[in-house]
Amino acid sequence: MNCSISGEVPEDPVVSMKSGLIFEKRLIERHISDYGKCPVTGEPLTKDDIIPVKTGKIVKPQPVQAASIPGMLGMFQIEWDGLMLSNFALEQQLHTARQELSHALYQHDAACRVIARLKKERDEARALLAQAERQVPMAATTTAPNGAALSNGKRAAEEEMGPGGKKIRQGISGDVIKELQDCNAALSQQRKRRQIPATLAPVDAVERYTQLNSYPLHKTNKPGILSLDIHYPKDIIATGGVDSNAVVFDRPSGQIVSTLSGHSKRVTSVRFAAEGELVVTGSADKTVCVWQSSENGNYDCRHTLKDHSAEVQAVTVHATNKYFVTASLDGTWCFYELASGLCLAQVADASESEGYTSAAFHPDGLILGAGTSGALVKIWDVKSQANVAKFDGHVGAVTAISFSENGYFLATAAQDGVKLWDLRKLRNFRSFTPYDEDTATQSVEFDHSGSYLALGGSDIRVHQAASVKSEWNLIKTFPDLSGTGKATCLKFGPDAKYIAVGSMDRNLRIFGLPGEDQSES
């Protein structure tokens, strides 16, 4: 009788009551503890199901081969040969497995290359399709006053070239100037009677602001938000990103309204116009796009303007919501009519060669402030397109510019920090140096009431606005939670109830009071 597992005569035999098979006791007990079933039949088996078999003690005879030294050497030789054959078979199997793995990896790499090429071709096709759609006139019945057709955001007459290869502009007409002056007079009268709204967030509330939400609006492969704007009546936010897209975002619902794809390089500036129905974007691809809201909620490109020869760094909309200005590194700023996309004037300063890095309209609309790459701040009279004042003293390019709603304070940001200017006396009356000399201040912004001033760089700081002689107290500092060390843009929400911040990651961050945010939602 032999063990059903080892095939040898068992020293301590047992028999299974279920199958009647003979086993070596130590072997079957170990198998039962590991698997709980019979190794031959596969039936469930326990230690209680095996019965020991009583046998007489038998002395195992030695095999003939083990009775002599030559026999033992022969046994060892046979075992060695078997081991070598087994090792050879294993090596053959390993070689085959390696070949199969190498072939599979090669096929995977080839598939990845094909997928990448197809994706690139798809993206190029989409870009060409979007460009073709933009070039189709959206309003075929709309014609210019002089009969020239509107095509791709420009009138045919605008393409006429003058001496020196420069485009002929029709200029800012007397009717447009009168409209600007009427708007200025109305806003100036309102400003004299203006009062701080009772709904404005108080200082103690701003001191308790914390991050409420973080929304990933832009692509992960090209992170960075370079500009943002807020349309207060609808509480919607527009952001411009390094990924060449602009995003319109509904803050109360936390949902993306529309993604504006059409630029080929980063979007450097974005502004709402016409009660939020239009969005104007400027880009490093030297173009400006005017986007119009459609019935399905998306924004479609209405005009693509190509009047600049270098990166467009700033877009600012006039208070009439009928005109806007773009500023570029080519050293010019352009005055456009919003409805037609017609460039009425392109202005350059013959005495300076530096490009513009920031720009903003004065709240009354007759003054344009522009910062240059040469650390200058220029004040322009829009009516005459004349440079009426220059402010120097900054170090590095002027990255941001903001007028206070009171009409006579101007804040500018550059590598050396923030400077405050009194427009009545045309002088610098206060400077903030929040960071070291290697860290630039990326953004600066007054709230709509002129009560707070926020600046951003390696963190975000909020000051309480005061007079020329009073101290502008620092009331809150927010850390840069993006981890990039660059808060590139920021803006106060309605009544300063929250602060929207964009950094060099893809997230839009909202700072405010948690309770108020929930109640508004």
Side-chain angles (χ1 to χ4, degrees), residues 115-116 119-120 122-123 126-127 130 209-232 234-272 276 279-285 289 291 293 296-301 315 400 442-443 445 454 456-460 478-494 497-514 516-518 520-521:
I115 292 171
K119 284 185 175 180
K120 182 179 179 181
R122 180 202 64 186
D123 294 340
R126 286 179 175 175
Y209 279 5
T210 184
Q211 179 174 309
L212 302 178
N213 300 102
S214 177
Y215 302 102
L217 302 185
H218 291 268
K219 295 180 181 178
T220 55
N221 60 339
K222 291 183 178 180
I225 298 177
L226 302 179
S227 177
L228 66 84
D229 194 23
I230 301 176
H231 180 59
Y232 292 152
K234 297 180 181 179
D235 202 3
I236 54 177
I237 302 174
T239 61
V242 177
D243 60 359
S244 75
N245 292 333
V247 175
V248 179
F249 174 75
D250 183 65
R251 189 195 69 85
S253 66
Q255 300 296 319
I256 293 177
V257 176
S258 181
T259 298
L260 285 53
S261 300
H263 289 291
S264 60
K265 294 183 179 180
R266 63 185 183 276
V267 177
T268 55
S269 186
V270 58
R271 290 292 180 267
F272 282 109
V279 174
V280 186
T281 57
S283 171
D285 63 6
C289 289
W291 309 79
S293 177
N296 59 8
N298 293 324
Y299 283 77
D300 301 319
C301 185
V315 173
Q442 302 285 340
S443 53
E445 187 77 25
S458 59
D459 56 21
I460 302 98
F478 303 102
D480 175 36
L481 299 178
S482 70
T484 62
K486 286 186 178 180
T488 52
C489 51
L490 51 83
K491 198 170 185 69
F492 287 93
K497 296 294 186 183
Y498 65 86
I499 303 174
V501 178
S503 303
M504 286 308 291
D505 64 349
R506 68 193 190 108
N507 296 310
L508 172 69
R509 290 177 168 81
I510 305 296
F511 295 87
L513 286 178
E516 291 190 10
D517 183 68
Q518 293 172 2
E520 289 177 6
S521 300

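Keep in mind it's a predicted model, so treat the numbers as computed, not measured.
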Taking the side chain as every heavy atom from C-beta outward, state whether [X] and [Y] have any pair of such atoms under 4.5 Å apart.
X	Y	answer
Pro216	Asn507	yes
Val248	Val279	yes
Val280	Cys289	no
Pro494	Asp235	yes
Asn245	Val267	no
Val501	Leu508	no
Ser443	Thr488	no
Leu481	Gln211	yes

Which pair of heavy atoms, one from [X] and one from [Y], lies closest together, and at what distance?
X	Y	answer
Thr281	Val270	CG2-CG2, 3.9 Å
Ser244	Ser264	CB-C, 4.0 Å
Ile510	Ala500	CD1-CB, 3.9 Å
Thr220	Pro223	O-CD, 3.4 Å

Sorted by chain and residue number, the ring-ring contact (aromatic ring centres under 6.0 Å, His included) partners of Phe492 (sequence neighbours excluded) come out as none
Can you spot which of Thr268, Asp285, Asp243 makes a side-chain hydrogen bond (donor to acceptor under 3.5 Å, both in side chains) with His263? Asp285
State the [atom1]-[atom2] distance between [X] and [Y], to the nearest 0.5 angstrom.
X	Y	atom1	atom2	result
Asn296	Ser258	CG	OG	8.0 Å
Ile236	Asp229	CD1	CG	9.5 Å
Asp300	Leu260	CG	CG	8.5 Å
Glu445	Cys489	CD	SG	10.0 Å
Gln442	Ser458	CD	OG	9.5 Å
Ile237	Asp250	CD1	CG	9.0 Å

Show the numbers, then the answer: is there a side chain to side chain donor-acceptor pair (under 3.5 Å) between Thr259 and Ser261? CA-CA 6 Å; Thr259 298; Ser261 300; over 6 Å; no
Sort and list the pairs that fulfil salt bridge (Lys or Arg N to Asp or Glu O under 4.0 Å) and have at least one residue in residues 499-514, not counting sequence neighbours. Asp505-Arg509
Output every pair passing salt bridge (Lys or Arg N to Asp or Glu O under 4.0 Å) with a member in residues 254-266, not counting sequence neighbours, ordered by first then second residue. Arg266-Glu311
Could you tell me if Arg251 sits above the aromatic ring of Tyr215, with its cationic atom closer than 6.0 Å to the ring centre and no more than 45 degrees from the axis? no
Check for me whether the distance between the ring centres of Phe478 and Phe511 falls short of 6.0 Å. yes
So, Asp480 and Lys486, do they make that salt bridge, N to O below 4.0 Å? no
Run the side-chain contact (heavy atoms from CB on, under 4.5 Å) test on His218 and Val242 for me, step by step, so that the C-alpha distance in whole Å, both residues' side-chain angles and the decisive distance to 0.1 Å come before the verdict. CA-CA 8 Å; His218 291 268; Val242 177; over 6 Å; no
